[in-house]
Amino acid sequence: MTAPLPLFRQTVRDEWIDYNGHLSEAYYVLVFGFATDALMAQTGLDDAYRTRSGCSLYTVEAHVRYLDEVARGSELTVRTSVLGADAKKVRFAHEMFVGEPGDHPVATEELFALHVDQGTGRSAPLPEATHRTLTGLVVPAPAWAGRGIREV
């Protein structure tokens, strides 16, 4: 598989709106979590795999950037890119847009995940087919990826 991943879409729900009248920060992460679930399903790490193998991806590091406010009822689109994969690790990025993807995301998230055997609590090799799929999806990292918080 070398085609880009499908876009994930989600409508902002009323209960996700905070006291400032826009999407609360926790719900940006929730939507990104749904997009991660979609990535897992698309690459063979779905519910059936998790039940059968006892393995799953665990996020061990994440960096979220909140770039713009999101209004109640907005139609969100998340574009996911795989930035790297090896035997047990995956690095990927989500870009969130209101409407269709363009040049100006409203938020981004970069994640580092380990494939973990839930029975042992230790990292485990990805299934060979999933590893091939993930490495086939690798694209260059966007300019914002890999950067930390700047000092004040």
Side-chain angles (χ1 to χ4, degrees), residues 1-17 23-68 70 72-147:
M1 176 187 299
T2 55
L5 290 162
L7 299 171
F8 176 79
R9 299 179 190 279
Q10 177 73 54
T11 302
V12 174
R13 300 177 187 177
D14 287 344
E15 61 268 24
W16 296 355
I17 301 302
L23 186 62
S24 180
E25 66 184 72
Y27 293 102
Y28 286 83
V29 175
L30 178 72
V31 173
F32 283 140
F34 292 153
T36 296
D37 293 345
L39 166 69
M40 291 174 64
Q42 186 70 27
T43 59
L45 302 175
D46 58 8
D47 285 337
Y49 168 78
R50 291 189 298 276
T51 299
R52 182 177 67 255
S53 70
C55 294
S56 186
L57 279 186
Y58 282 27
T59 300
V60 295
E61 186 174 346
H63 182 214
V64 180
R65 296 183 319 144
Y66 303 94
L67 305 172
D68 206 348
V70 175
R72 178 185 323 271
S74 294
E75 296 293 328
L76 300 175
T77 304
V78 178
R79 179 172 55 206
T80 300
S81 302
V82 177
L83 307 180
D86 73 8
K88 299 178 182 181
K89 300 179 278 192
V90 183
R91 178 178 168 224
F92 54 100
H94 298 304
E95 296 173 286
M96 181 185 295
F97 302 88
V98 172
E100 292 302 312
D103 293 333
H104 303 288
V106 295
T108 65
E109 183 179 44
E110 180 180 10
L111 298 115
F112 174 68
L114 286 176
H115 185 251
V116 173
D117 180 325
Q118 295 174 306
T120 66
R122 301 181 62 84
S123 64
L126 287 157
E128 189 175 313
T130 297
H131 182 256
R132 274 195 315 273
T133 298
L134 288 166
T135 57
L137 290 168
V138 172
V139 297
W144 53 264
R147 297 183 179 184

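Values below: every heavy atom of this structure, side chains too, minus hydrogens, waters and symmetry copies.
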Considering only heavy atoms from C-beta outward, does the side chain of [X] approach that of [Y] to under 4.5 Å?
{"X": "Q118", "Y": "S56", "value": "yes"}
{"X": "V116", "Y": "R122", "value": "no"}
{"X": "Y28", "Y": "V70", "value": "yes"}
{"X": "F8", "Y": "V31", "value": "yes"}
{"X": "H115", "Y": "S123", "value": "no"}
{"X": "V106", "Y": "L67", "value": "no"}
{"X": "P142", "Y": "L83", "value": "yes"}
{"X": "M96", "Y": "P105", "value": "no"}

* Asked: Regarding H94 and T36, is there a side-chain donor-to-acceptor distance under 3.5 Å anywhere?
  ->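 Checked: H94/T36 side chains pair up, N/O donor to acceptor below 3.5 Å.
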* Any chance the side chains of E75 and T11 put a donor and an acceptor closer than 3.5 Å? ->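 Their side chains do contain a donor-acceptor pair, which is all the 3.5 Å distance test asks for.
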Separation between [atom1] of [X] and [atom2] of [Y], rounded to the nearest 0.5 Å:
{"X": "F97", "Y": "R79", "atom1": "CZ", "atom2": "CZ", "answer": "4.0 Å"}
{"X": "M40", "Y": "L57", "atom1": "CE", "atom2": "CG", "answer": "4.5 Å"}
{"X": "E25", "Y": "Y66", "atom1": "CD", "atom2": "OH", "answer": "4.5 Å"}
{"X": "E110", "Y": "S81", "atom1": "CD", "atom2": "OG", "answer": "11.0 Å"}
{"X": "T43", "Y": "L134", "atom1": "OG1", "atom2": "CG", "answer": "4.5 Å"}
{"X": "L39", "Y": "L45", "atom1": "CG", "atom2": "CG", "answer": "7.5 Å"}

Does any N or O in the side chain of [X] come within less than 3.5 Å of the main-chain N or O of [Y], such that one atom is a donor and the other an acceptor?
{"X": "T59", "Y": "E61", "value": "no"}
{"X": "R147", "Y": "A143", "value": "yes"}
{"X": "T133", "Y": "A129", "value": "yes"}
{"X": "T130", "Y": "L126", "value": "no"}
{"X": "T51", "Y": "A48", "value": "no"}
{"X": "E95", "Y": "A107", "value": "no"}

* Could you go through the side-chain contact (heavy atoms from CB on, under 4.5 Å) check for V78 and L7 one step at a time? => CA-CA 6 Å; V78 178; L7 299 171; over 6 Å; no
Closest approach of [X] and [Y], non-hydrogen atoms and distance?
{"X": "W16", "Y": "L30", "value": "CZ2-CD2, 3.6 Å"}
{"X": "C55", "Y": "R50", "value": "O-CG, 3.3 Å"}
{"X": "R91", "Y": "A145", "value": "NH2-CB, 3.7 Å"}

* With side-chain contact (heavy atoms from CB on, under 4.5 Å) as the test, would you mind laying out the steps for D14 and R72 before giving the verdict? => CA-CA 6 Å; D14 287 344; R72 178 185 323 271; 3.2 Å; yes
* Asked: Going through the distances and angles, do W144 and T108 end up as a side-chain contact (heavy atoms from CB on, under 4.5 Å)?
  -> CA-CA 9 Å; W144 53 264; T108 65; 3.6 Å; yes
* Asked: Is the shortest distance from a Lys or Arg side-chain nitrogen in E100 or R9 to a carboxylate oxygen in the other one below 4.0 Å?
  ->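 Between R9 and E100 there is a salt bridge, with a charged N closer than 4.0 Å to a carboxylate O.
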* Does atom CD of E15 have more than 12 heavy-atom neighbours from other groups under 6.0 Å away? ->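 Check passes, neighbour count above 12.
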* Asked: Would L111 and F32 satisfy side-chain contact (heavy atoms from CB on, under 4.5 Å), going step by step from the backbone distance to the final call?
  -> CA-CA 10 Å; L111 298 115; F32 283 140; 5.8 Å; no
